[in-house]
Amino acid sequence: MKLDQWRRGAGTALSFAIFGIGGLAIGLLISPLLHLGIRNRDRRQHVARHLIQRLFQVFIAIMKGLGVLDYRLTNVECLQRPGQLVLANHPSLIDVVFLLAHTPNAACIVKGKLASNPFTRGPIRVAGYITNRDPEAVLDAAQASLARGESLILFPEGTRTTPGRPIKFRRGAANIALRTEAPITPVLIDCTPTTLTKGDPWYHIPESRVTMSLHILDELPTTASSSLPRAQQARQLTRELSDYFNEELERLYNERNTTAIA
């Protein structure tokens with residue numbers, strides 16, 4: 001490894017330590033204080049989400065300051081709209097940090113096992129994030145969240161994107177969109193070079209500094225069709241969303257490569 005990789009490796013280790021300590025602090029200290037001080041659940045969750053948003057903004061600044069990564073945001077103001085369904089591809093473990101850091105009062109659908117992880121269960125519970133253990137309960141919770149004017153962040157692939165392979169969405173996002181008819185905000189996330197992909201341990205440090213690019217695209221309307229069964233509508237919308245993301249990502253990569261050559 002080069003000296004710069006060793007330096008970024010140390011910064012990555014420190015970043016993970018900060019993240020873990022922060023998660024424990026929220027669960028052990030901040031969450032009990034919020035429960036004591038704010039009796040109303042919705043108000044408590046709103047305060048917790050605002051706090052997490054600010055902490056993630058600080059965390060991103062720390063990672064950049066340590067030289068672990070750089071980042072670019074395009075049309076980030078589009079994430080400020082309330083009551084939107086934010087759908088994104090999932091190339092890296094940390095992309096959710098960027099989305100939660102820039103989306104006000106956002107709920108998020110997370111894997112059920114994270115709700116029992118000592119470093120993440122505190123923030124998940126106090127912020128009222130939705131776990132995917134029960135698909136029907138997820139649909140009800142998502143509908144209630146969007147009805148309250150909250151934004152909802154979801155990775156429709158259900159797991160991190162495999163580099164070099166086309167995106168293939170599951171039907172959960174389409175089912176939520178069709179049930180709620182909430183506007184869809186697509187987010188294309190590019191992580192160059194790839195890091196923290198599925199099965200990639202944190203200590204595999206790329207040869208060059210990582211750049212996270214988030215491109216927030218124009219809103220996509222969602223309207224359920226009464227002429228087709230809901231299951232068929234969901235399959236159709238899932239294919240359309242998968243195709244849309246693959247086409248937009250290909251266009252994004254082509255533009256990036258053309259710029260790099262020029």
Side-chain angles (χ1 to χ4, degrees), residues 75 78-79 81-93 95-96 99-100 103 106-115 128-191 194 197-199 214-254:
N75 298 327
C78 293
L79 293 177
R81 299 185 297 249
Q84 60 184 323
L85 179 58
V86 180
L87 303 185
N89 59 311
H90 195 9
S92 176
L93 182 65
D95 42 31
V96 66
L99 287 173
L100 287 172
T103 310
C108 184
I109 297 179
V110 301
K111 289 185 177 181
K113 65 181 181 180
L114 292 177
Y129 296 150
I130 303 167
T131 60
N132 64 358
R133 288 172 174 160
D134 182 349
E136 191 59 35
V138 168
L139 285 174
D140 292 340
Q143 184 173 17
S145 176
L146 290 165
R148 290 192 296 268
E150 303 166 357
S151 291
L152 180 63
I153 297 171
L154 174 61
F155 298 105
E157 294 166 278
T159 187
R160 273 170 276 171
T161 308
T162 301
R165 293 186 182 180
I167 283 176
K168 186 176 181 180
F169 286 169
R170 298 180 180 179
R171 290 201 297 267
N175 280 318
I176 293 172
L178 290 170
R179 177 181 286 197
T180 63
E181 296 193 5
I184 294 174
T185 300
V187 180
L188 305 182
I189 303 177
D190 179 29
C191 180
T194 59
T197 58
K198 189 174 183 180
L214 277 72
H215 302 264
I216 297 89
L217 304 185
D218 293 336
E219 182 180 287
L220 300 176
T222 303
T223 304
S225 172
S226 58
S227 62
L228 295 175
R230 180 56 59 88
Q232 188 173 342
Q233 292 180 56
R235 287 194 296 269
Q236 179 177 319
L237 181 56
T238 299
R239 287 194 300 270
E240 291 173 354
L241 288 171
S242 297
D243 292 343
Y244 176 80
F245 267 78
N246 282 313
E247 291 169 3
E248 290 297 324
L249 283 169
E250 183 177 2
R251 183 182 59 80
L252 176 65
Y253 298 153
N254 288 337

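- With contacts defined as side-chain heavy-atom distances shorter than 4.5 Å, the pair Lys198/Thr162 does not qualify.
- Residues Ser145 and Glu150 come closest through the heavy atom pair OG-OE1, 2.5 Å.
- By the 4.5 Å heavy-atom criterion applied to side chains, Leu99 and Leu214 are counted as neighbours.
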Just list the side-chain donor-acceptor pairs under 3.5 Å for residues 170-180, sequence neighbours left out, or say none.
| from | atom 1 | to | atom 2 | distance (Å) |
| --- | --- | --- | --- | --- |
| Arg170 | NE | Glu157 | O | 3.4 |
| Asn175 | ND2 | Arg171 | O | 3.2 |
| Arg179 | NH1 | Asp140 | OD1 | 2.8 |
| Arg179 | NH2 | Glu136 | OE2 | 3.1 |
| Thr180 | OG1 | Ile176 | O | 2.8 |
| Thr180 | OG1 | Ala182 | N | 3.2 |

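- Of the N and O atoms on the side chains of Gln236 and Glu240, at least one donor lies less than 3.5 Å from an acceptor on the other residue.
- Side-chain N or O atoms of Ser242 include one that pairs as donor or acceptor with a backbone N or O of Phe169 at under 3.5 Å.
- Taking every heavy atom of both residues into account, Asn132 and Gly112 meet most closely at OD1-N, 2.9 Å.
- By the 4.5 Å heavy-atom criterion applied to side chains, Asp95 and Cys191 are not counted as neighbours.
- Between the side chain of Asn75 and the backbone N or O of Leu217 there is no donor-acceptor pair closer than 3.5 Å.
- Remark: Tyr129 pairs with no residue by the ring pair (Phe, Tyr, Trp, His ring centres under 6.0 Å) rule, at least two apart or across chains.
- Side-chain atoms of Thr222 and Leu85, non-hydrogen and from C-beta on, never get closer than 4.5 Å to each other.
- A heavy-atom distance below 4.5 Å is not found between the side chains of Pro156 and Leu241.
- Partners of Gln143 under the side chain to side chain donor-acceptor pair (under 3.5 Å) rule, at least two apart in sequence or in another chain, do not exist in this structure.
- Considering CD1 of Ile153 and CD of Gln84, their distance stands at 9.0 Å, rounded to 0.5 Å.
- Counting heavy atoms from C-beta on, the side chains of Leu87 and Tyr244 never come closer than 4.5 Å.
- Atom CD of Glu248 sits about 11.5 Å away from atom CG of Asn89, to the nearest 0.5 Å.
- The CG atom of Leu188 sits 4.5 Å away from the CG atom of Leu249 when rounded to the nearest 0.5 Å.
- Looking only at side-chain heavy atoms (C-beta outward), Arg81 and Glu219 come within less than 4.5 Å of each other.
- Enclosure of atom CD in Glu250 is not indicated, since only 12 or fewer non-hydrogen atoms of other residues, nucleotides or ligands lie within 6.0 angstrom.
- Taken from CD1 in Ile184 to CG in Leu154, the straight-line distance is 10.0 Å, to the nearest 0.5 Å.
- When all heavy atoms of Cys108 and Leu152 are compared, the pair lying nearest together is N-CD1, 4.1 Å.
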Evaluate the criterion side-chain contact (heavy atoms from CB on, under 4.5 Å) for residue pair Val110 and Val96; output intermediate values, then yes/no.
CA-CA 10 Å; Val110 301; Val96 66; over 6 Å; no
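- Taking the side chain as every heavy atom from C-beta outward, Phe155 and Thr161 never approach each other to under 4.5 Å.
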